[in-house]
Amino acid sequence: MPLKGRVFSGMRPTGRLHLGNYLGALQNWVELQKDYQCIYCAVDVHALTTMKPQEKAELKPNIREMVIDWLAAGVDPQQSIVFVQSHVPEVMVLNTLLSMITPLGWLLRVPTFKEKVRQMEETEETVSYGLVGYPVLMTADIILYKADTVPVGEDQLPHLELAREIVRRFNFWYGETFPEPQGKLTEAPLILGLDGKQKMSKSLDNHVELAASPDETRKRTLTAFTDPQRLRRSDPGRPWVCNVYTLHKYFNPAGAQVVYDECTTARRGCVDCKGHLAQAVNTYLAPFRECRREYEANPSLVDAVLADGAHRAAAIARETIREVKERMGLL
Ligand code: TRP
């Protein structure tokens, strides 16, 4: 079957991924390989927009841990291009060229920008030029490879809207060059953390790492919040408000109906239910964890994947840069 188009997506290198990253993004990346030519990028330059200098020692190990998670989950480097953003510096050239056609007003009105400034306890005076330009670099990532499909979370849709505006302006001013990239949302809804309230995230420490040991998985899962109205073991539970039940649906799909029935009739308690979930997660992730150990034991395998990925990405990138320079009058 012919491929439907070209996918590009990036993740900031935050280190080991968790169950929420898997259900929300990574699983989708793996699936898309069946229908698209896929390019997956560890966006280390983007990471610098919000990093403190004392965190720099974590950057390279975080890239490696994250890329190992991708590979162990089934991102296939034979088929897809897997690389580190800064290894193909052409993206920074394109970023500069696109910055010449991007009005500052477009960037200042991106909703996530003001939000980030507040989170970082900065002001619009002290915030870096690079942070304002975050969506321009993201646009450069995507269109350097002329990708038309971009799997992302809902939070990234404003960035893609801006990417399309930049592309339309480029195409209008300099001639049809780039496809307008479309976002592709994952079907999995937002995955909540062990607190059952907020999105699963490393910074909130309400997560379970994919790479966790079975024992650690069990310990963390046992801390999960369930139906807050179920006070006694003899009370029937409400699985439809319980995040542990939601996770059963993903990691224990064949057994989820039984969980539902036993919970609503108080035939299972929450502690047993969480132990059961931990077991299901451990079974589900066993092949992933096995594969992960192989990459951990052979660091040169990961280096080879990233070197090959950068090589293949650079071949496309050089061609686009030549074309862009020509169209903008530099060549
Ligand atoms: N901004 C994205 C995020 O924070 C990461 C990213 C960078 C990206 N470049 C990209 C995503 C290009 C998709 C395409 O999640």
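Counting starts at 1 for both ligands and their atoms, in listed order.
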- Query: Can an N or O of Q156 be found at a distance shorter than 3.5 Å from an N or O of ligand 1?
  - Reply: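 Yes: some nitrogen or oxygen of Q156 is under 3.5 Å from one in ligand 1.
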- Task: Check whether any N or O atom of S9, backbone or side chain, sits under 3.5 Å from an N or O atom of ligand 1, and answer yes or no.
- Result: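 Such a contact does not occur with ligand 1.
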- Item | Aromatic ring pairing Y134/H159, orientation class (parallel under 30°, perpendicular over 60°, tilted between) |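 Aromatic pair Y134/H159 classed tilted.
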- Query: How long is the span from the CZ atom in R289 to the OG atom in S213, to the nearest 0.5 Å?
  - Reply: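 Taking CZ in R289 and OG in S213, the distance rounds to 7.0 Å.
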Tell me the protein heavy atom at minimum distance from [atom], and give that distance in Å.
atom: atom 12 (C) of ligand 1; value: F8 CE2, 3.5 Å
atom: atom 5 (C) of ligand 1; value: G10 O, 3.6 Å
atom: atom 10 (C) of ligand 1; value: M138 CG, 3.5 Å
atom: atom 1 (N) of ligand 1; value: Y134 OH, 2.7 Å

Within ligand 1, which atoms have a heavy atom of [X] less than 4.0 Å away?
X: V150; result: 13 (C), 14 (C)
X: D141; result: 7 (C), 9 (N), 10 (C)
X: H46; result: 7 (C), 9 (N)
X: V43; result: 7 (C), 9 (N)
X: R12; result: 4 (O)

- Query: Side chains of T14 and R12: is there a donor and an acceptor less than 3.5 Å apart?
  - Reply: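 No donor-acceptor contact under 3.5 Å links the two side chains.
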- Check the side chains of D141 and Q85 for a donor-acceptor pair under 3.5 angstrom, ignoring hydrogens and angles.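 Present: a donor and an acceptor within the cut-off.
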- Task: Would you check if the distance from the ring center of H311 to the ring center of F83 is below 6.0 Å?
- Result: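 They do not qualify: ring centres at least 6.0 Å apart.
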- Query: Is there a donor-acceptor contact under 3.5 Å from the side chain of T186 to the main chain of G24?
  - Reply: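 Yes; at least one donor-acceptor contact below 3.5 Å.
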- Message: Heavy atoms only, cut-off 4.0 Å: how does I142 contact ligand 1, side chain, backbone, both, or neither?
- Response: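 Side chain only.
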- Query: Given that the side chain starts at C-beta and the backbone is N, CA, C, O, which of these parts of D155 lies under 4.0 Å from ligand 1, counting heavy atoms, or is it both or neither?
  - Reply: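 It is neither part, as no heavy atom is under 4.0 Å.
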- Item | Pair E296 + R292, salt bridge at N-O below 4.0 Å |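 R292 and E296: salt-bridged.
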- Message: For residues F113 and L107: do they belong to one hydrophobic cluster (side chain heavy atoms under 4.5 Å, members Ile, Leu, Val, Met, Phe, Trp, Tyr)?
- Response: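 Same cluster.
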- Query: Does any non-hydrogen side-chain atom of Y40 lie less than 4.5 Å from one of W70?
  - Reply: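 Yes, their side chains come closer than 4.5 Å.
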